[in-house]
*Asks:* 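A single structure is presented below for examination.
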Amino acid sequence: MTIGIGLLGLGTVGAGVARILATPQGRHPLVGELALRRVAVRDLQRQRPIDLDPSLLSTDPEAVVDDPAVDIVVEVMGGLEPARSLILRAIAVGKPVVTANKAVIARFGEEIAAAAAQRGVYVLIEAAVGGGIPIIEPLKQSLGGNRIQRVSGIINGTTNYILSRMADEGAAYGAVLADAQRLGYAEADPAADVQGGDAADKIAILASLAYGGVVPRAAIPTSGIDRLDARDVAYADQLGYGVKLLAVAEQVGVASDGTAELDVSVSPTLVPRDHPLAGVHGVNNAILVEGDPVGRVMFYGPGAGSGPTASAVVADILNIAGIRQVSGGRFPGQPAPLDPLLAAGSWRTCRLVDPAVTQHRNYVRLRTSDEAGVIGRIGTCFGEAGVSLQSIVQFQPQGGGDGSHAEIVVITHRVLESAFRAAMAAIEALPAVQAVAACLRTL
Ligand code: NAP
Ligand code: HSE
């Protein structure tokens, strides 16, 4: 029984999906039953990396959704609109949707899930997080019996690729970003990658699945690698750490009404060299899930790019095609138990706690006068605020310096953010402190 696929987008991911559909030999037998029926693009004249019958292409994505020959709508066009409206349109006409669009799901997942539940169609999103790594289905199903304590990971391929090449080859930021764009890793607007927004979309989705409730995307404190100074990467290296853009979601409490209280953030973070996330290089991603009773489970693999992402998209298509097959050709008319996204009505409430009450380890680089007693005065400010220090080191300023200033790097133990901020306010007020040059998280 042939299943008609309508592709919205034929860029990096769409072309990867089309390539798999065009070469079913040696894959799951169901791939051979998937037929690409229509493809929406913006520009009919654009050169495509795949040979497709030109009559399949259209600049009218609504027509692709509405086409009676299309059974499953695959949204890989990106952006918020018209992607959101097209997904809702497909649901409204009873067509299951597969999407790689984390920006839409992180912001409109609740609306989409409610519409899908009401109409009884699947919306599957495996490709939205971690590229080729299976992480959505494991979090939804395989780890469902656990109390999830923490989900932390490297979930942006572009920034991990940039950081790896900067650290390994001393490559220049701009040149490596251009390579990431050429390789199809970066978003259409790479600001989403380098400023941390893409990772924030993804951790919002993972936290929603891990904690069973909608996580407010706009409230996630986010900083990217765009203002990261190569000096901090070098100092971190000398201290035994790598620097990674980490996204972390952690349950820190439960309110009296059952609301899950979460600490969720995205920030460049020093990762100790012996930590499992420190060995994740290039475009690879890794997600570490810590749960009770499972312990630590790590998911690792290529986090972006045409083939890996298409692999996840096609897995979702096959999931739906398989259900269609066992249900005798009809898609189920009831909300499907496979997909908790459809059970959004039964979700818990989640809330992000005030960052001031969260606890973290910190890395601070201070530019100070090079004079006797500075380190002591800085140590006193931390001590008086109740911030315990792991190490305090003076580095030679780049180029040797002229003796007029010093660079002092501090790594704290895990401390209350409000205490850390109080210490930093006192340190900034010290006459010998010229600037707080960098403030990063430390794992
Ligand atoms: P892309 O290379 O920019 O491709 C986007 C495609 O959508 C293009 O073919 C474009 O047409 C088409 N398109 C965009 N707006 C359209 C509109 N209004 N009407 C018709 N067609 C339209 O993007 P991508 O890298 O494949 O990413 C697609 C989605 O997958 C995004 O949501 C992205 O976040 C997500 N994703 C990407 C990756 C990755 O590694 N690239 C990994 C995971 C998830 P033209 O070709 O004519 O311009
Ligand atoms: N731009 C994204 C990344 C694509 O680099 O991780 C994969 O979601």
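Order of appearance sets the numbers: ligands from 1, and atoms from 1 within every ligand. Bear in mind that the values here come from a model prediction, so they are computed numbers and not experimental data. Residues: numbered from 1 along the sequence shown.
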*Asks:* Using 4.0 Å as the upper bound for N to carboxylate O, is an ion pair formed by Lys102 and Asp198?
*Replies:* yes

*Asks:* I'd like the contact residues of ligand 2, where contact means a heavy atom below 4.0 Å.
*Replies:*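 These residues qualify: Lys102, Asn156, Gly157, Thr158, Tyr185, Ala186, Glu187, Asp193, Asp198, Lys202, Gly303, Ala304.
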
*Asks:* Just checking Asp168: does its CG atom have more than 12 heavy atoms from other residues, nucleotides or ligands closer to it than 6.0 angstrom?
*Replies:* yes

*Asks:* Kindly indicate, with the supporting measurements, whether the criterion side chain to side chain donor-acceptor pair (under 3.5 Å) is fulfilled by Tyr300 and Asn285.
*Replies:* CA-CA 6 Å; Tyr300 169 84; Asn285 282 188; over 6 Å; no

*Asks:* Using a cut-off of 6.0 Å, state whether more than 12 heavy atoms not belonging to Gln45 lie near its atom CD.
*Replies:*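 Result for CD/Gln45: open.
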
*Asks:* Checking the side chain of Lys244 only, and the main-chain atoms of Ile154 only, is there a donor and an acceptor separated by less than 3.5 Å?
*Replies:* no

*Asks:* So which atom in Asp43 and which in Arg48 form the shortest heavy-atom distance, rounded to 0.1 Å?
*Replies:* O-NH2, 2.8 Å

*Asks:* Assess the residue pair Asp201 and Arg217 against the criterion (salt bridge (charged side-chain N to carboxylate O under 4.0 Å, His left out)); give the C-alpha distance rounded to whole Å, side-chain angles, the decisive distance to 0.1 Å, and a yes or no.
*Replies:* CA-CA 7 Å; Asp201 290 346; Arg217 162 66 182 85; 2.5 Å; yes

*Asks:* For a quick check: using heavy atoms under 4.0 Å, what are the residues in contact with ligand 1, sorted by chain and number?
*Replies:*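 If the criterion is a heavy atom under 4.0 Å, then ligand 1 touches Gly9, Leu10, Gly11, Thr12, Val13, Ala40, Val41, Arg42, Asp43, Arg46, Arg48, Pro61, Val76, Met77, Gly78, Pro82, Ala100, Asn101, Lys102, Ala127, Gly184, Glu187, Ala304, Gly305, Thr309.
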
*Asks:* Assign the ring pair Tyr235 / Phe395 to parallel, tilted or perpendicular, where the plane angle (0 to 90°) is split at 30° and 60°.
*Replies:*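 Rings of Tyr235 and Phe395: parallel, as their planes differ by under 30°.
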
*Asks:* Any carboxylate oxygen within less than 4.0 angstrom of a Lys/Arg side-chain nitrogen, looking at Asp292 and Arg147?
*Replies:* yes

